[in-house]
There are 2 protein chains.
Amino acid sequence: MAYNIPVEATLDVIGGKWKVVIMCHLIKGEKRTSELKRLMPGITQKMLTQQLRELEADGVVNRIVFDQVPPKVVYSLTEYGWSLRPILDAMCAWGEGHIDLTDAEVAE
Amino acid sequence: MAYNIPVEATLDVIGGKWKVVIMCHLIKGEKRTSELKRLMPGITQKMLTQQLRELEADGVVNRIVFDQVPPKVVYSLTEYGWSLRPILDAMCAWGEGHIDLTDAEVAE
DNA sequence: TTTCATAGGTACTTTTAAGTTCCTACATCA
DNA sequence: TGATGTAGGAACTTAAAAGTACCTATGAAA
């Protein structure tokens, strides 16, 4: 598909409500499914799996299944996923610097 | 509202299908509504207005109305909006470097 | 033996995002 | 005179995203 502006290609990969959050967690190291769920109390099992599948299909996330019971699956960023790091870092940094300043700065 | 991770604050402001695209255009200079519409052939008048209103409400975009007929309205980034620039730059750069490499790189 | 935790799958519903169509006002130009 | 461009409002519909509830398998621990 053709884009009107290159940044749309980026949005295709990291757009949506959860992908950036998931990747921000994976930046700090690989995580198994249950860890991610705990880190994101707002996400449902279904959405987590779905988003991880899409990230995997885009080559951004790696999925490693351990053949054991109870099941163990570990997710991590691929090399390709690491190429998104400047974006993730910038987004995280901005968020840290502007949490609720949207409201608070007016009062200050 | 409380966030589980700071980056959610960022997503609150620039999340969605159009906001990043709009801001990427505004980075290059102020634009009037019709210009933005031409730059984004896929957006509808309604969505454009709606997204600009939200960006304005978040203090990211400036709206200047010229009292003339036919109407003229010019949008630009506020100083606060400029603080998002590192994110926008990173996203644009990634998009430029990875357009359809998602498909092409496999073939190569 | 029953319960628990794990990593999902499936079917269904709800919510939100986005799109469509039709409307206004008025100066300008053909 | 009548069409054109501008910026947007309002009502309505459709599509996509997200959520809910319930299901599986199995080894280990209580």
Side-chain angles (χ1 to χ4, degrees), chain A residues 1 3-5 7-8 10-26 29-58 60-76, chain B residues 1 3-5 7-8 10-26 29-58 60-76:
Chain A
M1 62 195 67
Y3 300 114
N4 291 305
I5 187 174
V7 77
E8 292 180 342
T10 312
L11 292 168
D12 259 6
V13 177
I14 63 166
K17 188 174 172 180
W18 296 111
K19 287 180 182 172
V20 168
V21 177
I22 292 173
M23 294 184 73
C24 282
H25 286 303
L26 292 183
E30 56 173 42
K31 297 271 180 299
R32 50 188 302 194
T33 316
S34 53
E35 289 180 276
L36 286 172
K37 228 187 312 186
R38 272 189 287 275
L39 289 166
M40 298 183 275
I43 202 170
T44 58
Q45 165 80 56
K46 180 198 144 187
M47 284 310 294
L48 179 56
T49 307
Q50 185 179 303
Q51 299 298 307
L52 285 168
R53 288 288 179 285
E54 290 178 17
L55 288 169
E56 199 193 348
D58 282 328
V60 162
V61 153
N62 226 315
R63 178 170 180 260
I64 298 159
V65 182
F66 292 80
D67 191 18
Q68 61 182 60
V69 170
K72 178 178 175 184
V73 177
V74 167
Y75 294 95
S76 56
Chain B
M1 63 196 67
Y3 300 114
N4 292 304
I5 187 174
V7 77
E8 291 181 342
T10 311
L11 292 169
D12 259 5
V13 177
I14 63 166
K17 188 174 170 181
W18 297 110
K19 288 179 182 172
V20 167
V21 178
I22 292 172
M23 296 184 73
C24 282
H25 286 304
L26 292 183
E30 55 174 41
K31 296 271 181 299
R32 49 188 303 194
T33 316
S34 52
E35 289 181 276
L36 286 172
K37 228 186 312 184
R38 271 189 289 274
L39 289 166
M40 295 183 277
I43 202 170
T44 59
Q45 165 81 53
K46 180 199 146 186
M47 283 311 293
L48 179 57
T49 306
Q50 185 180 303
Q51 299 299 305
L52 285 167
R53 288 287 179 287
E54 291 179 18
L55 288 170
E56 200 193 347
D58 282 329
V60 162
V61 153
N62 226 314
R63 178 172 181 257
I64 297 159
V65 182
F66 292 80
D67 190 19
Q68 61 182 59
V69 170
K72 178 178 175 184
V73 177
V74 168
Y75 293 94
S76 56

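The structure displayed is predicted, hence computed values, not measured ones. The sequence lines fix the lettering, A, B, ..., with proteins before strands; numbering per chain opens at 1.
Q51(B) has its CD atom 18 Å from the P atom of dA7(D), to the nearest Å. Following rounding to the nearest Å, I14(A) (CD1) and dA17(D) (C1') show an atom-to-atom distance of 18 Å. If you take CD of Q50(B) and C1' of dA7(D), they are 15 Å apart, rounded to a whole angstrom. To the nearest angstrom, P of dA7(D) lies 10 Å from CG of L36(B). When rounded to the nearest whole Å, the span between CE of M40(B) and P of dA7(D) equals 13 Å. Put simply, CZ on F66(B) is 13 Å from P on dG8(D), counting in whole angstrom units. The separation between R63(B) atom CZ and dT6(D) atom P is 16 Å, rounded to whole Å. Put simply, CG on L52(B) is 15 Å from C1' on dT6(D), counting in whole angstrom units.
Legend: salt bridge (Lys or Arg N to Asp or Glu O under 4.0 Å) pairs involving residues 30-42 of chain A, not counting sequence neighbours: none detected. Contacts classified as salt bridge (Lys or Arg N to Asp or Glu O under 4.0 Å) and involving residues 60-76 of chain A (residues at least two apart or in different chains) are not found.
Stem analysis of DNA chain D (Watson-Crick or G-U pairs, both distances under 3.5 Å, runs of at least three) returns C:1-5 with D:26-30, C:7-24 with D:7-24, C:26-30 with D:1-5.
Comparing K72(B) and G42(A) against DNA chain D, the residue whose closest nucleotide sits nearer the 5' end is K72(B).
Contacts between residues 15-26 of chain B and DNA chain D, defined by a heavy-atom separation under 4.0 Å, are absent.
The span of DNA chain C lying next to chain B, judged by atoms under 4.0 Å from heavy atoms, is bounded 5' to 3' by dA18(C) to dA27(C).
K17(B) meets the side-chain contact (heavy atoms from CB on, under 4.5 Å) test with no other residue; sequence neighbours excluded. Among residues two or more places apart in sequence or in another chain, the side-chain contact (heavy atoms from CB on, under 4.5 Å) test is passed with L11(A) by V20(B), V21(B), M91(B). Looking at residues two or more places apart in sequence or on another chain, you find a side chain to side chain donor-acceptor pair (under 3.5 Å) between T49(A) and Q45(A).
Contact detail for T33(B) and L48(B): the closest heavy-atom pair is O-CD2, 3.8 Å.
Proximity of R32(B) to the phosphate of dT6(D): no side-chain N or O atom is located under 4.0 Å from OP1 or OP2.
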(request) At under 4.0 Å between heavy atoms, which parts of nucleotides 20-30 of chain D does protein reach? Answer with one letter per nucleotide, 5' to 3': B base, S sugar-phosphate only, - none. (result) B-----BS---
